[in-house]
Amino acid sequence: MDLTERIDRRRTRNSKHELVVDPDSLNPVVHPAEPVGRETLFEALLDAIDPLFEQAVPPDVYVWGPSGSGKSAIVTALMSALETKMQSQRPFYAATRGQTKGDGVEFAYLDARQATSRFQLYRELLDELLVDAVPERGMSTDALERKIQSIQSTGTTVVVAVDHLGESRTADVAEIHQFFEPFENLAWLGVGRTPPEDVSLPIPEQHVHVPAYGNELVDTLTVRGSQGLSHTLDHRHAQRLAEWADGDAHDALAALFIAANVAEGADATRLRDEDVEAGIEAVPRDGVPIGQVLALSENEHHILERLLALDRDEERPIEKTAQLIGEQTDLTPGTVKRQLYELAQFGVLSRQEVTVGPPGNGRRPSGVTPNFSATLFTLLRE
DNA sequence: GATCCACGGGAATACACGGATG
DNA sequence: CATCCGTGTATTCCCGTGGATC
């Protein structure tokens, strides 16, 4: 960090009123312990796993709904609530026994974006269940499966939530079904966007539909905004964001997060209209969720950073882009090109035909542009 | 020695266009 | 006019190799 940067930071930190007091509250990838205004959905989820409260293994459940409808928020909240509840009721001696954290019921939350293969899903699950570290390599997937089975043979019931199913890189419902089939005392709760009728069989009989936010989004924004900022979020601003985002909490929070940063950068003491508009400006309405971008590998992040650094106004065929990026990384242009194509298929980048040079024979090249908020990506990468 | 996976290279396939063919 | 074909690119798909870890 150079000197001016230090001074800059010091200056913003010491400005009379710090505007952002809790960044996490404004962060679209962070979910609060208690989601606002979704009590009925919480009930529906509890209903779905009701047998659990009579010591039985509940059926598998599929939770689905559009992007930004709060699926992740409600499921993470449910799992952590269940965990604390069940733990407080667990007999004291259980905690000290054996290699598992205890017997009875165990809860785990897995993010399919972090665990994309059967191996990784099993590994993450074991990591949640066991106190000991679980190896990341050198152990076969089948060995992990046997390990999970041996835990179950002690009579432990496992409820595992798997978030973000059916994205282009993550496992889908059918795969999750297959992966967790071998385990007798395990119920899974899959979360995805695909409507049940479009999901390839087999699919759980229990569905819980999470519809897009309606008016509740204004409340959610108000609560989270007011927690994150040093002042109450202006009602007009909450309304403006909710309306623009059309019920998508991810987009609304993304814009709010950026707005707060813009305002803070300008040494404002309150969020101003122009900040909110700047936030809205910086978030594409139909982009990929930023969490999906953040979950990419380190190399892919490098590629994206270089891509964002290139002059945005210039049209450039993908080949040329790959070459420019390749020069700045230790990846070959060929690999960069393939990765760019993959990212485009993934939805992280969007492709459009590019008109460059004389109209030759073959197929026209295309260029790539980010399909997410570059500002948000940069802010959250730090 | 076994394991998983990121890279990298390259084969296979898709697409665009002009010209030939029926 | 509709369709097929050849050529030249773009894009997707696949798989072997090697690093890192156990």
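In the text below, chain A, chain B and the rest are named by the order of the sequence lines, each starting its count at 1.
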K.L.:
Please check if the number of heavy atoms outside A/Q328 that lie under 6.0 Å from its CD is greater than 12.
P.N.:
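Above 12, so yes.
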
K.L.:
What nucleic acid atoms does A/R351 come within less than 4.0 Å of, heavy atoms only: base, sugar-phosphate, or nothing?
P.N.:
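The answer is sugar-phosphate, as A/R351 gets under 4.0 Å only of primed atoms, P, OP1 or OP2.
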
K.L.:
Give the rounded distance in Å between these two atoms: CD of A/E319 and C1' of C/dT9.
P.N.:
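Result: 10 Å.
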
K.L.:
What contact category does A/T141 fall into here, base, sugar-phosphate, or nothing, at under 4.0 angstrom with non-hydrogen atoms?
P.N.:
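The answer is sugar-phosphate, as A/T141 gets under 4.0 Å only of primed atoms, P, OP1 or OP2.
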
K.L.:
In residues 320-327 of chain A, what residues come within less than 4.0 Å of DNA chain B, judged by heavy atoms?
P.N.:
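Output list: empty, so none.
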
K.L.:
Is it possible for you to say whether A/V262 and A/F377 belong to one hydrophobic cluster, with membership spreading through side-chain heavy-atom contacts below 4.5 Å?
P.N.:
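Yes.
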
K.L.:
Answer with base, sugar-phosphate or nothing: what part of the nucleic acid does A/E342 contact at a heavy-atom distance below 4.0 Å?
P.N.:
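The residue A/E342 makes no contact with any strand.
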
K.L.:
Whole angstrom is fine here: how far is it from CZ in A/F119 over to C1' in B/dA6?
P.N.:
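Value for this atom pair: 14 Å.
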
K.L.:
Please check the phosphate of B/dC5 (OP1 and OP2 only) for any side-chain N or O of A/S117 closer than 4.0 Å.
P.N.:
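For B/dC5, OP1/OP2 do have a side-chain N/O of A/S117 under 4.0 Å.
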
K.L.:
Under a 3.5 Å threshold, yes or no: a donor from one side chain and an acceptor from the other, between A/D273 and A/H237?
P.N.:
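Yes, a side-chain donor-acceptor pair sits under 3.5 Å.
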
K.L.:
Could you give the CD-to-C1' distance, from A/Q345 to B/dA14, as a whole number of Å?
P.N.:
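Distance, rounded to whole Å: 12 Å.
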
K.L.:
Tell me which residues in residues 332-340 of chain A lie within less than 4.0 Å of DNA chain B, going by non-hydrogen atoms.
P.N.:
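A/T332, A/T335, A/R338, A/Q339 - these, ordered by number, are the residues of the stretch whose heavy atoms sit under 4.0 Å from the strand.
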
K.L.:
Rounded to the nearest angstrom, tell me the gap between atom CD in A/E145 and atom C1' in B/dT3.
P.N.:
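That distance rounds to 16 Å.
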
K.L.:
Could you check how far NE2 of A/H302 sits from C1' of B/dA6, rounded to whole Å?
P.N.:
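So the two atoms are 14 Å apart, to the nearest Å.
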
K.L.:
Check the surroundings of atom CD in A/Q149: do more than 12 heavy atoms from other residues, nucleotides or ligands lie under 6.0 Å from it?
P.N.:
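Yes.
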
K.L.:
According to side-chain hydrogen bond (donor to acceptor under 3.5 Å, both in side chains), does anything in residues 316-327 of chain A pair up with another residue at least two apart or in another chain? List the pairs.
P.N.:
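Residue pairs with at least one partner in residues 316-327 of chain A: A/E319-A/K337.
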
K.L.:
Over 60° means perpendicular and under 30° means parallel, so tell me whether A/F180 and A/Y122 are parallel, tilted or perpendicular.
P.N.:
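A/F180 and A/Y122: tilted rings.
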
K.L.:
Using a 3.5 Å distance criterion without hydrogens, assess whether the side chain of A/T84 forms a donor-acceptor pair with backbone atoms of A/A81.
P.N.:
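Yes.
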
K.L.:
Just how far, in rounded Å, is P of B/dG18 from CZ of A/R363?
P.N.:
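Distance check: A/R363 CZ to B/dG18 P gives 16 Å.
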
K.L.:
Round to the nearest Å and state the distance from A/D142 atom CG to B/dA2 atom P.
P.N.:
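Answer to the nearest Å: 15 Å.
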
K.L.:
Regarding A/N185 and A/T157, do their side chains bring together a donor and an acceptor under 3.5 Å, going by distance alone?
P.N.:
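No pair is found: no donor N or O on one side chain lies under 3.5 Å from an acceptor on the other.
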
K.L.:
Apply side chain to side chain donor-acceptor pair (under 3.5 Å) to residues A/T40 and A/E43 and explain how you reach the verdict.
P.N.:
CA-CA 5 Å; A/T40 43; A/E43 283 302 316; over 6 Å; no

K.L.:
Rounded to whole Å, how long is the line connecting atom CD of A/E124 with atom C1' of B/dC5?
P.N.:
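Between C1' of B/dC5 and CD of A/E124: 15 Å.
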
K.L.:
Nearest to the A/S140 side chain among C/dA10, B/dC4, B/dG8, which nucleotide is it?
P.N.:
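Among C/dA10, B/dC4, B/dG8, the one nearest the side chain of A/S140 is B/dC4.
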
